[in-house]
Amino acid sequence: MTASIALPRVLRIGRGCSTELADVLQSVNLHRPLIITDAFLAEQPFLAEIQDGLRNAGITAELFAGAQPDPTTDSIARGAAVLRSGEFDCVIGIGGGSPMDTAKAVALLGSQGGSMRDYKAPAVTDAPTLPLIAIPTTAGSGSECTRFTIITDSATDEKMLCAGLAFLPTIALVDYALTMAMPRRLTADTGVDALVHAVEAYVSRRANPFTDDLALTAMGTLFRNLRAVYEDPTDEDARAAMMLGATQAGIAFSNSSVALVHGMSRPIGGHFHIAHGLSNAMLMPAVTEFSISSAPDRYARCARSMGIASMGVSNETAARQLVEALATLNKDLDVPGPREYGILETEWRRQVPVMAQQAKDSGSPDNNPRVPAVDEIADLYHALWS
């Protein structure tokens with residue numbers, strides 16, 4: 001089997017690399033960027049410093065601060081209108097997964113036209129767009145290195161997975177200093193999101209030798225540092241490790257795939273507006289338990305790479321220890337279930353058939369070691385609330 005590997009053309013990693021934006025843009029002859037972020041980040045001092053650096057270099061940038069959590073087709077349309085109104089030669093996404101997803105979608109619609117539903121999976125969009133520059137401010141989504149974006153249909157609340165090289169950033173500047181002010185809840189949710197990326201990339205049916213090593217390295221780094229950075233958000237070494245692990249996990253799953261956790265997570269976010277990383281965390285222990293019988297050796301390797309299981313135990317034992325450790329991690333990070341989150345049981349169970357079908361239709365569950373039928377996905381949703 002041939003593995004198709006795609007990476008950003010320029011990838012800079014380390015404290016302060018976000019301040020090198022002007023130099024990087026000039027090196028690839030880009031001079032008129034549209035910066036996309038959200039209203040909160042638009043007011044942060046680091047963003048003013050980035051803009052000042054561009055101005056001092058003679059680069060004229062415009063700011064669109066209309067990115068919203070779980071970006072919708074309506075919010076993307078507003079951003080695309082701004083892009084079309086100016087003679088921009090690139091798009092810069094600054095923020096967590098939502099601003100970056102927004103930047104990817106805006107760059108596509110602004111240059112190719114159409115609507116986001118035209119690009120929904122199983123479509124694969126490799127058509128060229130305006131160059132994308134990604135500057136993450138969370139250690140979680142890995143979006144700076146992935147060929148995916150997720151946009152919610154404003155009319156139906158469906159979270160649409162859109163895939164292809166059109167969504168892969170040209171340049172990524174991964175500066176962990178931008179994560180130092182992340183609150184504990186966001187730190188936990190994005191950190192588990194990155195951990196899920198790494199594990200799913202490794203157990204996926206589309207895993208390959210290139211992604212295997214990255215995924216194993218990333219999950220070990222993330223698992224060892226997640227509690228530390230949750231307990232002490234000012235731990236700079238842990239912040240740096242989490243940022244590196246999240247980027248490695250992003251590269252891994254972008255070049256293999258995610259699986260059942262992500263397939264089930266997107267509908268939860270679309271219908272109940274739960275943060276993506278948090279819904280991943282809710283699902284991870286139960287989905288892992290459901291899946292281990294089809295790939296005990298792979299899950300055992302995850303457990304050993306994360307320091308959960310020793311080499312002396314069987315693969316079956318190691319895989320079970322992984323499930324237990326993931327459940328314990330959720331407790332330590334104060335991850336609620338749907339009931340504790342405040343979702344009414346009647347509303348949850350009413351949406352289960354729709355969520356199960358949407359999860360299956362996304363294609364991600366078909367990458368899982370144990371490929372579920374729609375009714376099995378529904379059973380997992382029902383069990384999750386209980």
Side-chain angles (χ1 to χ4, degrees), residues 1-3 5 142 191-227 241-242 244-246 248-265 280-333 335 359-360 363-373 376-377 379-381 383-384:
M1 182 183 76
T2 299
I5 307 301
V192 174
D193 189 22
L195 183 62
V196 175
H197 290 157
V199 172
E200 291 207 305
Y202 186 71
V203 302
S204 165
R205 289 171 173 263
R206 296 173 59 190
N208 59 74
F210 177 85
T211 59
D212 280 354
D213 287 344
L214 278 170
L216 289 168
T217 299
M219 69 180 74
T221 298
L222 293 163
F223 191 79
R224 287 193 300 271
N225 287 278
L226 184 47
R227 284 183 177 86
M242 291 296 296
L244 177 59
Q248 291 172 325
I251 293 172
F253 89 80
S254 181
N255 290 286
S256 57
S257 65
V258 288
L260 181 55
V261 173
H262 275 76
M264 293 181 64
S265 178
N280 275 349
M282 291 176 180
L283 289 160
M284 186 59 169
V287 171
T288 301
E289 185 173 24
F290 170 84
S291 306
I292 55 175
S293 61
S294 295
D297 56 333
R298 286 249 146 186
Y299 283 106
R301 183 74 185 275
C302 293
R304 295 185 180 110
S305 294
M306 293 158 66
I308 293 166
S310 69
M311 295 299 296
V313 301
S314 68
N315 286 346
E316 290 74 14
T317 297
R320 287 198 301 272
Q321 289 175 338
L322 174 63
V323 175
E324 294 166 2
L326 292 172
T328 300
L329 179 65
N330 276 3
K331 291 180 181 178
D332 292 345
L333 299 180
V335 174
K360 184 67 173 178
S364 296
D366 292 338
N367 301 321
N368 206 56
R370 179 180 172 185
V371 178
E376 290 178 303
I377 296 175
D379 289 343
L380 285 167
Y381 278 131
L384 184 63

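- Of all heavy-atom pairs between N255 and N208, the closest is O-ND2, 3.0 Å.
- Heavy atoms only, all atoms of each residue included: E200 and L260 are closest at OE2-N, 3.2 Å.
- The salt bridge (charged side-chain N to carboxylate O under 4.0 Å, His left out) test applied to D332 returns R227, not counting sequence neighbours.
- Between D366 and K360, the closest heavy-atom pair is OD1-NZ, 2.8 Å.
- With sequence neighbours excluded, no residue satisfies salt bridge (charged side-chain N to carboxylate O under 4.0 Å, His left out) with D379.
- Remark: S204 pairs with R206, S257, N367 by the side chain to side chain contact (heavy atoms under 4.5 Å, CB included) rule, at least two apart or across chains.
- The distance from atom CG of L222 to atom CG of D193, rounded to the nearest 0.5 Å, is 10.0 Å.
- Scanning for side chain to side chain donor-acceptor pair (under 3.5 Å) contacts around D297 gives an empty result, with sequence neighbours left out.
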For residues 282-294, dump all side-chain donor-acceptor pairs below 3.5 Å to protein atoms at least two apart in sequence or in another chain.
residue	atom	partner	partner atom	Å
T288	OG1	M284	O	2.7
S291	OG	V287	O	2.7
S291	OG	N368	ND2	2.8

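- With E316 contributing its side chain and P296 its backbone, the two residues share no donor-acceptor pair below 3.5 Å.
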Could you tabulate the donor-acceptor pairs under 3.5 Å formed by side-chain atoms of residues 298-307, not counting sequence neighbours?
residue	atom	partner	partner atom	Å
R298	NH1	Y202	O	2.6
R298	NH1	D212	OD1	3.0
R298	NH1	D212	OD2	3.4
R298	NH2	D212	OD2	3.0
R304	NE	S310	O	3.1
R304	NH1	N315	OD1	3.0
R304	NH2	V313	O	2.7
R304	NH2	N315	OD1	3.3
S305	OG	R301	O	3.0

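- Nearest heavy atom pair, residue N330 against residue A281, reads ND2-O, 2.8 Å.
- Under the side chain to side chain contact (heavy atoms under 4.5 Å, CB included) criterion, L214 pairs with F210, Q248, I251, A252, not counting sequence neighbours.
- Between M264 and Y381, some side-chain heavy-atom pair lies under the 4.5 Å cut-off.
- Applying the side chain to side chain donor-acceptor pair (under 3.5 Å) test to R224 and every residue at least two apart in sequence or in another chain returns nothing.
- Residue pairs meeting the side chain to side chain donor-acceptor pair (under 3.5 Å) criterion with at least one partner in residues 318-329, sequence neighbours excluded, are T317-R320.
- Considering only residues two or more places apart in sequence or on other chains, A198 meets the side chain to side chain contact (heavy atoms under 4.5 Å, CB included) condition with A218, M219, A249.
- To the nearest 0.5 Å, atoms CE (M242) and CG (L244) are separated by 11.0 Å.
- Taking CG of L226 as the reference point, atom OG1 of T221 lies at 12.0 Å (rounded to 0.5 Å).
- A207 approaches A201 most closely through the heavy-atom pair CB-O, 3.4 Å.
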Verdict with reasoning, L326 to I308, per side-chain contact (heavy atoms from CB on, under 4.5 Å): CA-CA 10 Å; L326 292 172; I308 293 166; 5.8 Å; no
